[in-house]
Every structure is written in structure tokens, then in C-alpha cells.
Amino acid sequence: MYEKFYRSLYRIRRVEERIAEVYPTDKIKSPVHLSIGQEAVSVGVCEALRPDDVVFGTYRSHALFLAKGGNLKAMIAELYGKATGAARGKGGSMHLIDLEAGVLGTSAVVGTTIPNAVGYAYAIKYRRENRLVVSFLGDGGTDEGVFQESLNFAALKKLPIIFICENNGYAIHTHQRLRHPALNICERARVVGMPAERIEDNDTIRIFERVKNAVDLIANGAIGPHFLECMTYRWKEHVGPNEDYQLGYRSKDEAEPWIRNDQVIKIGALLGEKEKRAIEDAVDAEIADAFACADADPFPEESELFTDVFK
Ligand SMILES: Cc1ncc(C[n+]2csc(CCOP(=O)(O)OP(=O)(O)O)c2C)c(N)n1
Ligand SMILES: [Mg+2]
């Protein structure tokens, strides 16, 4: 189990570090919202899911895409704007999709994939399929009216859905304290009768266990929707490859405990040196290959300029 967790955590971290390195060359054609520091949430959640379960994410979804088994080459090609990309080079980092892996979409528009996920869960229930949906959202996503509407409908219809609120404390540069009179997002789920719990420590194994518990309860028909608030922390700037402590909206002191609790290092320490190295070598080679392919792949044809886009 720990090998799988480590492989996924290390792979996501290295992919995003590579993205941060390449970004200044302008080969990457879209803005990038990195999940560095938040990987434990996507990995803990996705390791608890079954292959048929599906996820919907936000614009900060490299980690979710990879943790759910999304195609790495297609993701990097998408960032490069190449025809081989997950959205044929037209969506960029914020619009990732992999139908085979069950990554059903991510969006630049805050909150939009929450009702998409609820609609998909409604279809699953209607068709009596034993699968479930996970809807990822940020703490800022809870500021959208559609958040409460979606929770209400999911609870009313007892849908097979888990809401994962990745609470990294900020919506861009605005702390939750400046947006919410009460810092209790779980209460907003409980108000519609949905079980809700907060996981404070960004711990991969704890997140895995809590999600696994919810998956089992939903699969047995014991509960409908479930809500989990996962406290976590973004190490890099809101958008882009750099740190942003100089902006003054947060301090390095605030980040320190989260950085000390680095899940890539903590889970890696549970493995033997040899097996850890073997995982790292294989992942490093896979990542180098994905970036080389993205570099070599063609851009979409000019004739594709107006296909698959609203105009
Ligand atoms: C509907 C909508 N309103 C505003 C924005 C601008 N915006 C982009 S990211 C963001 C903050 C979202 O914060 P959160 O949901 O906590 O996600 P995080 O960036 O922390 O992962 C906002 C307000 C947007 N993209 N869409
Ligand atoms: Mg946030």
C-alpha cells in the first residue's frame, strides 16, 4: 500500500516541479495552478476509489488527474497546446479530461464542476449503477451559490457522491477569515443533513481511511452523499511556478508546519531505500519521456481553429 501511495505522491510532485522548471521557457501555453503541498488530498482520495468511480475537479487538478490515473503524456501535451493533449490542445492546464480513467472534467470557472458532479451522481443512481462520484472543490468554491444548491439536491436525492473540499485557506490571496464569518464549512453540509467531517493534518493515510470508509458506506447504501473538508496548504503562488511570500498576504511562518509535514518525504520514509529508489527512477524516466513527447508532438492544424469551441 505504501509503495502505491509513494509512487503517486512522488510522481505528482516531480511532474509539477518539472512544470515549474519548464514554465519560464514559454513552451507551456496555459496558466498553471500547482498543487505542490496539496498532493496528499488527491492521492488519499483516489487510492480509496474503485476504477469505475469518477471525479470532477477544479482548475488546480494536475494532482487529481494523475492520482486518478489520467494519462500523463496527454496532460503534458495539453499544457503545451499540442494536438495530442487531453483536450486536443485547446483547454490547457485548467481543462483536463480522461474519460477512460474517470476524470470527467475540470474547469477554470470556480464552482462549475460541483453541479456537473451532482448531475453525474444522479445519472448513476437513476441507472442503479454501483459507482460513485467525487466532487473536488476549493474553499473558495464554497463561496459560489451553486455550492449550496448542489449540496441540497445531492442530500435530497441521497446521491452517491463524496464532496472533497480542499481547504488551503485561501481564495487567490484572500484568507477564509476575510470571507466567512464562521470558519466551519462542514456545518454547511450538515445543514442539509449530510454527514461531514474535517481532516486537519493533510495526512495521506488518514484521508485514504476516511474516504474508504465513506466509499464503503455509500456502496452498501448506508448513506447518500458525504462531505469531507481536507485542510491543506499551497506552497507556490496561486497561479504560476514561483513562491509568493513577498506579496505579504501570508507568511513563511504560516507555511512552515505544512512544509515540515511534507507527505512525499513522510510516506517515502516508510519504504526501504532500494524500493524507494526503484520507484523514483521509473517515475523520473516516465516524466522525461512525457515532456520529450509533448515537445515533439504537433500543434493542432489551422483548420482545427474553430472546431470544438463555442464561437
Ligand atoms: C466564477 C468565478 N469567479 C471568480 C473566479 C476567479 N478566481 C479564480 S481562482 C479563485 C479562487 C478560488 O479559490 P479556491 O476555490 O479556494 O481554490 P484554490 O485556488 O485555493 O485551489 C477565483 C475567485 C473564477 N475563476 N470563476
Ligand atoms: Mg483555496
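Not measured: the values here are computed from a predicted model.
Taking the side chain as every heavy atom from C-beta outward, Phe163 and Ile114 approach each other to under 4.5 Å. Looking at Tyr80 and Asp297, their side chains never come closer than 4.5 Å, going by heavy atoms from C-beta outward. For the pair Glu237 and Leu247, the minimum side-chain heavy-atom distance is 4.5 Å or more. Counting heavy atoms from C-beta outward, Lys252 and Glu243 have side chains that approach closer than 4.5 Å.
With Arg198 contributing its side chain and Cys230 its backbone, the two residues share no donor-acceptor pair below 3.5 Å. In terms of modelled atom types and a separation under 3.5 Å, the side chain of Lys125 and the main chain of Lys158 share a donor-acceptor contact. Side chain of Asn202 to main chain of Gly37: a donor-acceptor pair is present (N/O by atom type, distance under 3.5 Å, no hydrogens or angles). A side-chain donor-acceptor contact under 3.5 Å links Arg131 to the backbone of Asp52. The closest donor-acceptor contact from the side chain of Thr142 to the backbone of Asp139 lies under 3.5 Å. Without hydrogens or angle criteria, Lys73 side chain to Thr84 main chain gives no donor-acceptor distance under 3.5 Å. Proximity of a side-chain donor or acceptor of Lys90 to a complementary backbone N or O of Glu304 within less than 3.5 Å is detected. At distances below 3.5 Å, not a single donor-acceptor pair connects side-chain atoms of Gln38 with backbone N or O atoms of Ser35. Here the side chain of Ser8 pairs no donor or acceptor atom with the backbone of Ala67 at under 3.5 angstrom. Judged purely by atom type and a 3.5 angstrom limit, Asn220 uses its side chain to pair as donor or acceptor with the backbone of Asp216.
Using a 4.0 Å cut-off between charged nitrogen and carboxylate oxygen, Lys236 and Glu16 do not count as a salt-bridge pair. Comment: Asp262 engages Arg13 in a salt bridge, judged by a side-chain N to carboxylate O separation of less than 4.0 angstrom. Taking a cutoff of 4.0 Å between a charged side-chain nitrogen and a carboxylate oxygen, Glu209 and Lys212 do not qualify as a salt bridge.
Closest heavy-atom contact between Val146 and Pro115: CG2-CG, 3.6 Å. In terms of heavy atoms, His238 sits closest to Asp244 at N-OD2, 4.0 Å. Annotation for Pro300 and Gly81: closest pair CD-O, 3.2 Å, computed over non-hydrogen atoms. Contact record, Gly224 with Ile218: O-CG1, 3.3 Å, taken as the closest heavy-atom pair. Minimum heavy-atom separation, Glu187 to Arg190: OE2-NH1, 2.9 Å. The two residues Ser61 and Thr58 make their nearest non-hydrogen contact at OG-O, 2.5 Å.
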Solution key, residues 104-111 side-chain donor-acceptor pairs under 3.5 Å, sequence neighbours excluded:
residue, atom, partner, partner atom, Å
Thr106, OG1, Met94, O, 2.8
Thr106, OG1, Leu96, N, 2.8
Ser107, OG, Val109, N, 3.0
Ser107, OG, Thr112, OG1, 2.9

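For Lys82 and Phe299, the positive end sits near the middle of the six-membered ring, less than 6.0 Å away and at most 45° from its axis. Judged by a 6.0 Å distance limit and a 45° cone about the ring axis, Arg188 is not positioned over the six-membered ring of Phe147.
Under a cut-off of 6.0 angstrom, the local environment of CD in Glu100 is sparse, with at most 12 non-hydrogen atoms contributed by other residues, nucleotides or ligands. Crowding of Arg277 atom CZ: a count of heavy atoms from other residues, nucleotides or ligands under 6.0 Å not exceeding 12.
Within the model, atoms NZ of Lys4 and CG of Leu9 stand 12.0 Å from one another, a figure rounded to the nearest 0.5 Å. Note that CD1 of Ile162 is 5.0 Å distant from CG of Leu132, once rounded to the nearest 0.5 Å. Annotation: the span from Asp143 atom CG to Thr174 atom OG1 amounts to 9.5 Å, rounded to 0.5 Å. Here CD1 of Ile199 is found 8.0 Å from CZ of Arg206. Values are rounded to the nearest 0.5 Å.
When only modelled atom types and interatomic distance are considered, Ser93 and His33 share no side-chain donor-acceptor pair under 3.5 Å. Side-chain polar atoms of His95 and Glu78 form no donor-acceptor pair below 3.5 angstrom. Side-chain atoms of Lys266 and Thr204 form no donor-acceptor pair, as typed in the model, at a separation below 3.5 Å. Side-chain N/O atoms of Asn242 and Tyr23 include no donor and acceptor closer than 3.5 Å. Between Asp253 and Tyr245, the side chains place no donor N or O within less than 3.5 Å of an acceptor N or O (distance only, hydrogens not considered).
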Does the pair Leu72 and Ile287 meet the rule for a side chain to side chain contact (heavy atoms under 4.5 Å, CB included), with working shown? CA-CA 8 Å; Leu72 172 63; Ile287 294 172; 4.2 Å; yes

Might you work through the side chain to side chain contact (heavy atoms under 4.5 Å, CB included) test for Val283 and Ile279, ending with a clear yes or no? CA-CA 6 Å; Val283 167; Ile279 291 170; 4.2 Å; yes

Apply side chain to side chain contact (heavy atoms under 4.5 Å, CB included) to residues Val133 and Leu159 and explain how you reach the verdict. CA-CA 9 Å; Val133 181; Leu159 300 182; over 6 Å; no

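Residues Ile36 and Ile265 are members of separate hydrophobic clusters, defined by side-chain heavy-atom contacts under 4.5 angstrom among Ile, Leu, Val, Met, Phe, Trp and Tyr. By the criterion of side-chain heavy atoms lying less than 4.5 angstrom apart, applied directly or through intervening Ile, Leu, Val, Met, Phe, Trp or Tyr residues, Leu66 is grouped together with Leu49 in one hydrophobic cluster. Transitive grouping of hydrophobic side chains (ILVMFWY, heavy atoms separated by less than 4.5 Å) brings Val103 and Val41 into a common cluster. No continuous path of ILVMFWY side-chain contacts below 4.5 Å connects Val45 to Leu137, so the two sit in separate hydrophobic clusters.
Between Tyr233 and Trp258, the ring planes are parallel. Angles under 30° get that label, and only those over 60° would be called perpendicular.
A ring-centre distance under 6.0 Å is not found for Tyr2 and Tyr6.
Test Val54, Ile164, Asp53 against Val134 for side-chain contact (heavy atoms from CB on, under 4.5 Å) and you get one pass: Ile164.
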